[in-house]
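Here's the structure we're looking at; comments come further down.
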Amino acid sequence: MDVQKRYFSRELLIWYRANRRDLPWRRHSNPYYTWVSEIMLQQTRVETVKPYFERFISKFPTVEALADAPEEEVLKAWEGLGYYSRARNLQTAAKEVKTQYGGQVPDDKAKVSALKGIGPYTSGAIMSIAFNRPEPAVDGNVMRVLSRYFRLHDDIAKPATRAHMEHLAQELIPEGCASDFNQALMELGALVCTPKSPACLLCPVMEHCAGRLAGEELVLPVKTKAKPPKPELRYAALIEGTGEHAGKVLVRQRPATGLLAKMWELPHLLVPKQAGLFGMNEAEAMDVLRGGLLAEGIDAVPTARWVDAEHTFSHIHWQMRVFRCELRELMELKDKERTVYQWTGLEEMEHLAFPNLFLRMLKDYFQ
DNA sequence: AAGCCGGGGCT
DNA sequence: AGCCCAGGCTT
């Protein structure tokens, strides 16, 4: 192995051992903790994950506790984190680990990889961090670091590039130090070799960083851009209860698959784009909403605009206009057309999982 | 290979 | 306000 590689592995390990962050999932060595943290850390920052991880582990301290929990509780514990299929896959996998492996995460790459929600990165992370096995764990941080240090111009959005990086990353693991080294690589990407303004002067491997020496630290890694999200206009209804439902709001549960699966929301409809409806006036908009609600068995009259809200997913941009509505009549709502409706106040919300968009609107309404 | 899945931080 | 970040699954 050449000097540049040896130097990298040695210096990075030394740096990490002096600079590793004290994180909740690093306080004890427990494969279940490693697993939960790695799933939460997919697409999510450390600072965001910390409080979720603490709450999640106190609610579900073991694989078995997670396997045996009601699904709604798991989803509720994930509320606000996003990518909710992660939570459902994690529980599915926990049931598998409970029944097939006696509740112990197996020290076996093939078995770990076969679990729901665990792909090449996460299996590598679990095998290396929890069991100190010399497996690569190549995430976005690692690809950025390696692209820069070795001055690789391959597009990191391409699967073939990831395969190359995995080979390189495995080669770099110092004998017997897979756990620390893989964490060191990711730690460097998170703290020093950051996407926007890398702190090269603080970097333990700056001297042999080919990207930096070529003055290319800001153009690396090369990555094709994602398509912009598709805009969607939606009209939503804030239907306030009366009588026995006074002080509550009508909410519904989303279908079991697809976007925001099984999460709760305000009733709303997608405004068809054809008729140039983006420029619809208020009265027309309320008419459209009234018709949409009626079609679901809700006889409610929109009375006034309440708030506008925007929310961007990776591929869709929601522009939502919320109207206050007066309820005239409610048909049999429970399980109607397989859609579950419920009146909710702050108390009921404790048990229903909402995406952040609606969570914020409802908290705002109730406070 | 491309599209589907949330949410937040930085400038 | 607009840009960027990013694993795994499904098609």
Side-chain angles (χ1 to χ4, degrees), chain A residues 34-52 75 77-93 112-126 129 135-147 154-163 165-166 169 182 186 189-191 193-199 218-232 254-265 308-320 353-361:
Chain A
T34 303
W35 178 18
V36 171
S37 67
E38 287 300 337
I39 299 296
M40 286 187 171
L41 286 164
Q42 291 170 3
Q43 284 76 29
T44 314
R45 287 173 167 72
V46 165
E47 288 310 309
T48 304
V49 166
K50 277 183 184 173
Y52 280 92
L75 207 54
W78 212 269
E79 180 181 69
L81 258 189
Y83 288 105
Y84 300 98
S85 65
R86 291 184 294 172
R88 301 204 293 149
N89 289 340
L90 179 59
Q91 192 184 25
T92 300
V112 167
S113 298
L115 295 170
K116 199 93 168 138
I118 298 185
Y121 162 72
T122 308
S123 66
I126 293 172
I129 297 173
E135 297 292 340
V138 175
D139 68 352
N141 284 313
V142 172
M143 287 204 278
R144 186 172 58 253
V145 169
L146 297 182
S147 291
D154 312 78
D155 183 350
I156 64 167
K158 299 242 185 285
T161 304
R162 235 190 56 92
M165 297 272 183
E166 282 187 341
N182 281 355
M186 293 187 270
L191 299 179
C193 196
T194 53
K196 284 297 168 191
S197 42
L218 293 178
V219 307
L220 292 171
V222 174
K223 189 187 174 192
T224 57
K225 292 189 199 345
K227 314 194 324 182
K230 187 180 84 184
E232 285 185 3
R254 295 181 60 88
T257 56
L259 184 68
L260 301 171
K262 292 191 179 177
M263 301 292 283
W264 291 79
E265 65 181 7
D308 284 344
E310 296 201 28
H311 192 77
T312 308
F313 303 90
S314 45
H315 55 305
I316 307 171
H317 178 79
W318 276 3
Q319 192 181 323
M320 187 168 278
F354 289 88
N356 265 358
L357 164 72
F358 295 107
L359 194 61
R360 281 194 281 252
M361 287 185 350

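Note that the structure is a prediction, hence the values are computed from the model and not measured. Below, chains carry the letters A, B, ... as their sequence lines are ordered, and counting in each starts from 1. What you see below is based on every heavy atom in this structure, not just the backbone, and it leaves out hydrogens, waters and symmetry mates.
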**Asked** Roughly how many Å is it from CD1 in I316(A) to C1' in dC4(B), rounded to a whole number?
**Response** 8 Å
**Message:** Would you measure the distance from the C1' atom in dG3(B) across to the matching atom in dA6(C) and give it in whole Å?
**Reply:** 15 Å
**Message:** Need one value for R144(A): base, sugar-phosphate or nothing, where a base atom within 4.0 Å counts as base even if backbone is also close, heavy atoms only.
**Reply:** sugar-phosphate
**Touch class at under 4.0 angstrom, heavy-atom based, for I39(A) against every strand present** = nothing
**Request:** Kindly assign one of parallel, tilted or perpendicular to the pair W264(A) and F354(A), based on the angle between their ring planes and the thresholds 30° and 60°.
**Result:** tilted
**Prompt:** How close do R144(A) and P221(A) get, heavy atom to heavy atom, and via which atoms?
**Reply:** CG-CD, 3.5 Å
**Complete:** Taking every heavy atom of N182(A) against every heavy atom of E135(A), the minimum-distance pair comes out as ND2-O, 2.8 Å
**Request:** Please list, chain by chain and in numerical order, all residues satisfying side chain to side chain donor-acceptor pair (under 3.5 Å) with T122(A), sequence neighbours excluded.
**Result:** Q42(A)
**Message:** Donor-acceptor pair, distance only, cut-off 3.5 Å: does the side chain of T194(A) make one with the backbone of A190(A)?
**Reply:** no
**Asked** Want to settle it: does T257(A) or A160(A) sit nearer the 5' end of DNA chain B, counting the closest nucleotide to each?
**Response** A160(A)
**Prompt:** When rounded to the nearest Å, what value does the distance between C1' atoms of dC9(C) and dG8(B) take?
**Reply:** 23 Å
**Request:** If a protein heavy atom is under 4.0 Å from the base, mark B; if only from the sugar-phosphate, S; if neither, -; do that for nucleotides 6-11 of chain B going 5' to 3'.
**Result:** BBBS--
**Prompt:** On a whole-Å scale, what distance lies between the P atoms belonging to dT11(C) and dG6(B)?
**Reply:** 15 Å
**Complete:** Here the pair of heavy atoms bringing L220(A) nearest to S147(A) is CD1-O, 3.6 Å
**Message:** If we check side chain to side chain donor-acceptor pair (under 3.5 Å) with W318(A), which of these qualifies: E310(A), E232(A), H311(A)?
**Reply:** E232(A)
**Request:** Answer with base, sugar-phosphate or nothing: what part of the nucleic acid does K158(A) contact at a heavy-atom distance below 4.0 Å?
**Result:** nothing
**Request:** Return yes if a side-chain donor-acceptor contact under 3.5 Å exists between R86(A) and N89(A), otherwise no.
**Result:** no
**Prompt:** On DNA chain C, which is the earliest and which the latest nucleotide, 5' to 3', with an atom closer than 4.0 Å to a heavy atom of chain A?
**Reply:** dC4(C) to dT10(C)
**Message:** Just to be sure I understand the rule, does K223(A) reach a base, reach only the sugar-phosphate, or reach nothing, if contact means heavy atoms closer than 4.0 Å?
**Reply:** base
**Asked** What is the minimum heavy-atom distance between I156(A) and T161(A), and which atoms define it?
**Response** CA-CG2, 3.9 Å
